[in-house]
Asks: 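Quick one: the structure is below, questions incoming.
What you are looking at is a predicted structure, and each value in this text was computed from that prediction instead of being measured. Residue numbering restarts at 1 for every chain, and letters A, B, ... go by the order of the sequence lines.
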Amino acid sequence: MNEIIRVRFAPSPTGYLHIGGVRTALFNWLFARHHKGRFILRIEDTDISRSTDESIKQIIEGLTWLSIDWDEGPFRQTERRDIYIQHIERLLKEGKAYRCYCTPDELEQKRKEALAKGEKPKYDGHCRNLDTLPAGRPWAVRFKTSMEGNTIVEDLLRGKVVFDNKELDDLIILRSDGIPTYNFVVVVDDATMKITHVIRGDDHLSNTPRQVQLYHGLGYQPPRFLHLSMILGSDKTRLSKRHGATSILSYRDMGYLPEAMVNYLVRLGWSYGDQEIFSKEELIEKFSIENIGKSSAVFNPEKLLWLNSHYIKNGDSLYLASHLIPHLLKEGILSENKDSGISIKEIAKVIPSLQERSKTLIEMAKGADFFFDKEIQYDENGAKRFLTPSIIPIFEKLIDMFERSESFDTDSLKRIFTDITEKEGVELGKIAQPVRLALTGKTVSPGIFDVISLLGQDRVIERLKKGIRYIQISLKRDLGSI
RNA sequence: GGCCCCAUCGUCUAGUGGUCUAGGACACCAGCCUCUCACGUUGGAGACACGGGUUCGACUCCCGUUGGGGCUACCA
C-alpha cells in the first residue's frame, strides 16, 4: 500500500463531545499516525437548528486536551454548501435525483398509516415520475435509489455485509430549506476530501448502503469502511447522561490525566495481547486494524480510575504539577492573586509524597492542602482522639530536638523519632498520629517523615506549638464545664 | 414490526480446530508489609448464552434460538 491514507473524524456539534466520539477520533488518529497518513477534522453541522458554536469549541478543546491533533480542518459543512449544491444539480440534470413536493406533514401521515398497517414506512415514490411540476410549492430533492438487487458493503471489520435494496427508499438529499442532508454531504465530503478509510461508529452501518449508492450515482469510488462497535453504559444501553459524566471535558475537570483517558479508551475494542499500559508512541507503533474487536464494550469507570492512578503514580512531578494547578485553584487551596508567588517547582516538590495515594488530581489537590494553607483546620474527631494532654511532653521534646537538629531530611527525622520511641517505650504510631494531626489537621496524610521534611523546620515547630496551645485551651474548657 | 451488527469471568479482553482442567487486567475477598491512608506483594473466588450440526476432536467452523445494540427522519 503506497497510497497516502486519509481518514477523518466528523462529529456533529449538537452536544458535548462524548466518550464514544473520542474513541472513534482516537482510532482514526492512531490509524493515520501509524500509517503516516493524514487525519482530518470535519464538523458535521448541517443540522443548523441543533448545532452550536459552543459545541464546536468543546470538540476542539477535548481533542486538544488529549493531544489528538489534526492535519487538515476543522472544515465546516455549512461552509461547503456550494460544493453540495453543484453535486445535487448534477444529479438532477442526469436524472438521478428529482424534486419532491410532498410536505413533511403528508409524509408523516403516510408513515403513520404504513406503521398502522404493520408495513415498513418507506417513501412511496409519489414525486418520482411527476408529469407536471406543481408551481409555488416548496420542494426537497430526493435521490433515485435503486431498489433492485443487493448493495454489498465491504467492511474491514465485519467482511461483506449484504443489504437487500428493497429495504431502501429514495432518500432526501436536499431539504426544502436548501440545506443538504447528512447522508449526502458525508458522501460528497469523503469523496472530495479523498478519504481512503471511513472509520466510524456502528450506528452508521445501516446507512452505508444508501451512501454506497450515492457514491456510484455521483461517479465516485467508495472508500473502505470500518464500523466500530459502540460503547455502552453499565446497563448495556447506549451511553448517555444517565450513566454519569459522558462529556470528555468533564473527565478533565474530575482530575483525570489525558494519557489515562487515551489508554483507557484505546483498550475499549482494541488489544495487544495482554498489555494494558501503552504510551502514545507505543500506540502509534502497535495500533492495527487486525486487533480491533467486533463486540460492543461497556464503559467501566473503575478501570479508568485505575489507569489514572497508574499515570499519577508514574508521572513526572513537574508535569503533574502543571495539571494539578487548575485543581488547586478550583478547590480554593491556592488563589490566583494571593499565591502568585508560589512557583510550579514548589508545587512539584510535594507531589511525590502524594502520587501513590491519589487516584485523581482532585484527590491530590485536597491531599496537598496543608502544604499551602497558612492556618490548618483540625479534623474534629481526629483532634479529640490524638490531641490529648498526654502528648504534650512528646511534642515539647520533638520541638526541642527539631530546634537543635541541623538537618531536616527524612533520615535524620527517623533518627529523632526512633530516639524518642526507644526512650519512652512507645510505638511510632502513638506519636506519629498526634504529630500528623498537628501538622496536617488530618488523620490521613503522606508519610509523617515526608510531611515534616516537606513542611520544613519553622512551620513544623510552629504547628506543634499550636497543637500544644490547642490541647491546653480545650483542657481548660473541659475543666471549666465540669 | 422489518433490516443490519454483536455474543469468553461483574467489566475490558487473550484465544484464529487439538498446547484450554480457558490466560491477563480492573473490581471483589483473604494474608503479608505498615506511622495513618495508600502503594506493593502473595493467594482466592469468578466466563466459553443455549440447542443442533460439521469434525477423530470444537471457545474456535455452519445453522437456529435467546439476549443485547444499531438503523428504519426534510437528525447526525
Asks: Is A:Glu282 atom CD crowded by more than 12 heavy atoms from other residues, nucleotides or ligands, each under 6.0 Å away?
Replies: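 Result for CD/A:Glu282: enclosed.
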Asks: Given B:A14, is OP1 or OP2 found less than 4.0 Å from the side-chain N or O atoms of A:Ser271?
Replies: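 A:Ser271 to B:A14 OP1/OP2: side-chain N or O found under 4.0 Å.
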Asks: Taking side chain as C-beta onward, heavy atoms only, is A:Leu228 less than 4.5 Å from A:Asp202?
Replies: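 In short, these two side chains do not touch, never coming nearer than 4.5 Å.
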Asks: Would you call the rings of A:His18 and A:Tyr16 parallel, tilted or perpendicular, where under 30° means parallel and over 60° means perpendicular?
Replies: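 The rings of A:His18 and A:Tyr16 stand perpendicular, inter-plane angle above 60°.
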Asks: Taking only side-chain N and O atoms of A:Lys236, does any of them lie within less than 4.0 angstrom of OP1 or OP2 on B:C6?
Replies: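 So the side chain of A:Lys236 is outside the cut-off, no N or O lying under 4.0 Å from OP1 or OP2 of B:C6.
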Asks: With a 4.0 Å cut-off on heavy atoms, is A:Leu107 in touch with a base, just the backbone sugar-phosphate, or nothing at all?
Replies: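 Base, at least one base heavy atom under 4.0 Å.
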Asks: Answer with yes or no whether A:Ser206 presents, from its side chain, a donor or acceptor under 3.5 Å of a partner atom in the base of B:G70.
Replies: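 Side chain to base: pair found, below 3.5 Å.
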Asks: Quick one: side chains of residues 427-435 of chain A, donor-acceptor pairs under 3.5 Å with protein atoms, not counting sequence neighbours, listed by atom name and distance.
Replies:
| unit_1 | atom_1 | unit_2 | atom_2 | d |
| --- | --- | --- | --- | --- |
| A:Gln433 | OE1 | A:Arg436 | NH1 | 2.5 |
| A:Gln433 | NE2 | A:Thr443 | O | 3.4 |

Asks: Would you indicate which nucleotide in B:C39, B:A76, B:C12 comes nearest to any side-chain atom of A:Ala297?
Replies: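 Minimum distance to the A:Ala297 side chain belongs to B:C12.
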Asks: Rounded to whole angstrom, note down the P distance from B:U72 over to B:G18.
Replies: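 The same atom, P, in both gives a distance of 42 Å.
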Asks: Categorize A:Pro209 for me: base, sugar-phosphate, or nothing, with a 4.0 angstrom heavy-atom threshold over every strand shown.
Replies: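 The residue A:Pro209 makes no contact with any strand.
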Asks: Identify whether any heavy atom of A:Lys122 sits under 4.0 Å from a base atom; if not, whether one sits that close to sugar-phosphate; answer base, sugar-phosphate or nothing.
Replies: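 No contact.
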Asks: Is A:Thr237 touching bases, backbone alone, or none of the nucleic acid, heavy atoms closer than 4.0 Å?
Replies: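 Contact class for A:Thr237: sugar-phosphate only.
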Asks: Once hydrogens and angles are ignored, does a donor-acceptor distance under 3.5 Å link the base of B:C39 to the side chain of A:Arg357?
Replies: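 Answer no: no donor N or O sits under 3.5 Å from an acceptor.
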Asks: Test side chain to side chain donor-acceptor pair (under 3.5 Å) on A:Arg80 and A:Thr192 and set out the steps.
Replies: CA-CA 11 Å; A:Arg80 293 166 55 82; A:Thr192 55; 2.9 Å; yes
Asks: How about A:Lys57: does its NZ atom have over 12 heavy atoms from other parts shown lying under 6.0 Å from it?
Replies: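 12 or below, so no.
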Asks: Could you grab the distance from atom CD1 of A:Ile179 to atom CG of A:Leu174, nearest 0.5 Å is fine?
Replies: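 If we round to the nearest 0.5 Å, A:Ile179:CD1 and A:Leu174:CG are 9.0 Å apart.
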Asks: Tell me whether the count of non-hydrogen atoms from other residues, nucleotides or ligands lying under 6.0 Å of NZ in A:Lys96 goes above 12.
Replies: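 For A:Lys96, atom NZ is crowded (more than 12 foreign heavy atoms under 6.0 Å).
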Asks: Within the 4.0 Å heavy-atom criterion, would you say A:Phe449 contacts the bases, only the backbone, or no part of the nucleic acid?
Replies: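 Touches a base.
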Asks: Taking the side chain of A:Tyr182 as heavy atoms from C-beta outward, which of B:U13, B:C4, B:A76 is closest to it?
Replies: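 For the A:Tyr182 side chain, the nearest candidate turns out to be B:A76.
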Asks: Within the 4.0 Å heavy-atom criterion, would you say A:Ile172 contacts the bases, only the backbone, or no part of the nucleic acid?
Replies: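 If one applies the 4.0 Å heavy-atom cut-off, A:Ile172 turns out to touch a base.
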Asks: Assign B:C26 to syn or anti; the rule is syn for a glycosidic angle within 90° of 0 and anti otherwise.
Replies: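 Anti.
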Asks: How close do A:Val186 and A:Gln77 get, counting heavy atoms only, and between which atoms?
Replies: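 Of all heavy-atom pairs spanning A:Val186 and A:Gln77, the closest is N-NE2, 4.4 Å.
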Asks: What about A:Ser176, does its side chain sit under 3.5 Å from the base of B:C74 through a donor-acceptor pair?
Replies: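 Present.
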Asks: Looking at B:C6, I'd like to know if its phosphate oxygens (OP1 or OP2) sit under 4.0 Å from a side-chain N or O belonging to A:Lys294.
Replies: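 Answer is yes, contact under 4.0 Å.
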Asks: So if I take residues 425-444 of chain A and measure heavy-atom distances to RNA chain B, which residues fall below 4.0 Å?
Replies: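 Going residue by residue through residues 425-444 of chain A, the ones with a heavy atom under 4.0 Å of RNA chain B turn out to be A:Leu428, A:Gly429, A:Ala432, A:Gln433, A:Arg436, A:Thr443, A:Val444.
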Asks: Within a reach of under 6.0 Å around CZ of A:Arg385, are more than 12 heavy atoms found that belong to other residues, nucleotides or ligands?
Replies: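 Incorrect, the count does not exceed 12.
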Asks: Please confirm whether A:Arg8 makes a cation-pi placement over A:Phe39, using NZ or CZ under 6.0 Å from the six-membered ring centre and within 45° of the ring normal.
Replies: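 The answer is no, since A:Arg8 fails at least one limit relative to A:Phe39.
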Asks: Hey, does A:Glu276 reach any base, or is it just sugar-phosphate, or nothing, if we go heavy atoms under 4.0 Å?
Replies: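 It contacts base atoms.
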Asks: Do A:Asp409 and A:Arg415 pass the salt bridge (Lys or Arg N to Asp or Glu O under 4.0 Å) test, and can you show the C-alpha distance, the side-chain angles, and the key distance before you say yes or no?
Replies: CA-CA 10 Å; A:Asp409 57 85; A:Arg415 273 196 299 278; 5.4 Å; no
Asks: Consider the side chain of A:Phe163, meaning its heavy atoms from C-beta on, and name the nucleotide among B:G1, B:C74, B:C4 that approaches it most closely.
Replies: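 Among B:G1, B:C74, B:C4, the one nearest the side chain of A:Phe163 is B:C4.
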Asks: State whether A:Arg238 places a side-chain N or O below 4.0 Å from either non-bridging phosphate oxygen (OP1 or OP2) of B:G70.
Replies: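 The answer is yes; a side-chain N or O of A:Arg238 sits under 4.0 Å from OP1 or OP2.
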Asks: Can you tell me the base-pairing partner of B:G1? Count Watson-Crick or G-U wobble geometry only, both distances below 3.5 Å, and say none if there is no partner.
Replies: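 Across any shown strand, B:G1 pairs with B:U72.
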Asks: Looking only at side-chain atoms of A:Pro104, point me to the closest of B:C74, B:C5, B:G69.
Replies: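 Of the options given, the side chain of A:Pro104 lies nearest B:C74.
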Asks: Report which part of the nucleic acid A:Cys100 touches: base, sugar-phosphate, or nothing (heavy-atom distance under 4.0 Å, all strands).
Replies: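 The answer is nothing, as A:Cys100 stays clear of every strand by at least 4.0 Å.
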Asks: Measure from the side-chain heavy atoms of A:Arg175 and tell me the nearest of B:C39, B:C12, B:A76.
Replies: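 My answer, after comparing the listed nucleotides, is B:A76.
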Asks: Indicate whether OP1 or OP2 belonging to B:A76 is found under 4.0 Å from a side-chain N or O atom of A:Thr46.
Replies: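 True: A:Thr46 side-chain N/O within range (under 4.0 Å) of B:A76 OP1/OP2.
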Asks: What contact category does A:Asp202 fall into here, base, sugar-phosphate, or nothing, at under 4.0 angstrom with non-hydrogen atoms?
Replies: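 Sugar-phosphate: the residue A:Asp202, judged by heavy atoms under 4.0 Å, touches backbone atoms but no base.
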Asks: Quick check: any donor-acceptor pair below 3.5 Å linking the side-chain of A:Asp274 to the base of B:G23?
Replies: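 Present.
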Asks: Kindly state which residues belonging to residues 150-160 of chain A come within less than 4.0 angstrom of RNA chain B, counting heavy atoms of the residue only, listed by number.
Replies: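 Here the set is A:Arg158.
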Asks: Should we say atom OH of A:Tyr470 is surrounded by more than 12 heavy atoms from elsewhere, each under 6.0 Å from it?
Replies: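 Count over threshold, so yes.
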Asks: Is A:Asp203 side chain donor-acceptor paired with the B:A76 base, going by distance under 3.5 Å alone?
Replies: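 No, no donor-acceptor pair under 3.5 Å.
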Asks: Would you say B:G40 has OP1 or OP2 under 4.0 Å from some side-chain N or O of A:Lys313?
Replies: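 Yes, such a contact exists.
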Asks: At less than 4.0 Å, is any side-chain N or O atom of A:Lys166 found next to OP1 or OP2 of B:G2? Yes or no.
Replies: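 For A:Lys166, the contact criterion (side-chain N or O under 4.0 Å from OP1 or OP2 of B:G2) is not met.
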Asks: Name the nucleic acid region contacted by A:His227, choosing base, sugar-phosphate or nothing; use a 4.0 angstrom heavy-atom cut-off, strictly under.
Replies: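 Contact class for A:His227: none.
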Asks: Judged by each residue's nearest nucleotide on RNA chain B, which is more toward the 5′ side, A:Leu268 or A:Ser12?
Replies: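 Residue closer to the 5' terminus by nearest nucleotide: A:Leu268.
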Asks: Pick the C1' atom in B:U34 and in B:G40, then give their distance to the nearest Å.
Replies: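 That atom pair is separated by 11 Å.
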Asks: Assign A:Gly293 to base, sugar-phosphate, or nothing according to its heavy-atom contacts below 4.0 angstrom with the strands shown.
Replies: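 Since no nucleic acid heavy atom lies under 4.0 Å of A:Gly293, the category is nothing.
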Asks: Name the pairing partner of B:C61, where a pair is Watson-Crick or G-U wobble with both distances under 3.5 Å, or state none.
Replies: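 Its partner is B:G53.
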Asks: Hey, which sits more toward the 5' end of RNA chain B by its nearest nucleotide, A:Ala140 or A:Gly447?
Replies: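 Nearest-nucleotide comparison on RNA chain B picks A:Gly447.
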Asks: Is A:Arg50 near enough to B:A76 that one of its side-chain N or O atoms lies under 4.0 angstrom from OP1 or OP2?
Replies: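 Answer is no, no contact under 4.0 Å.
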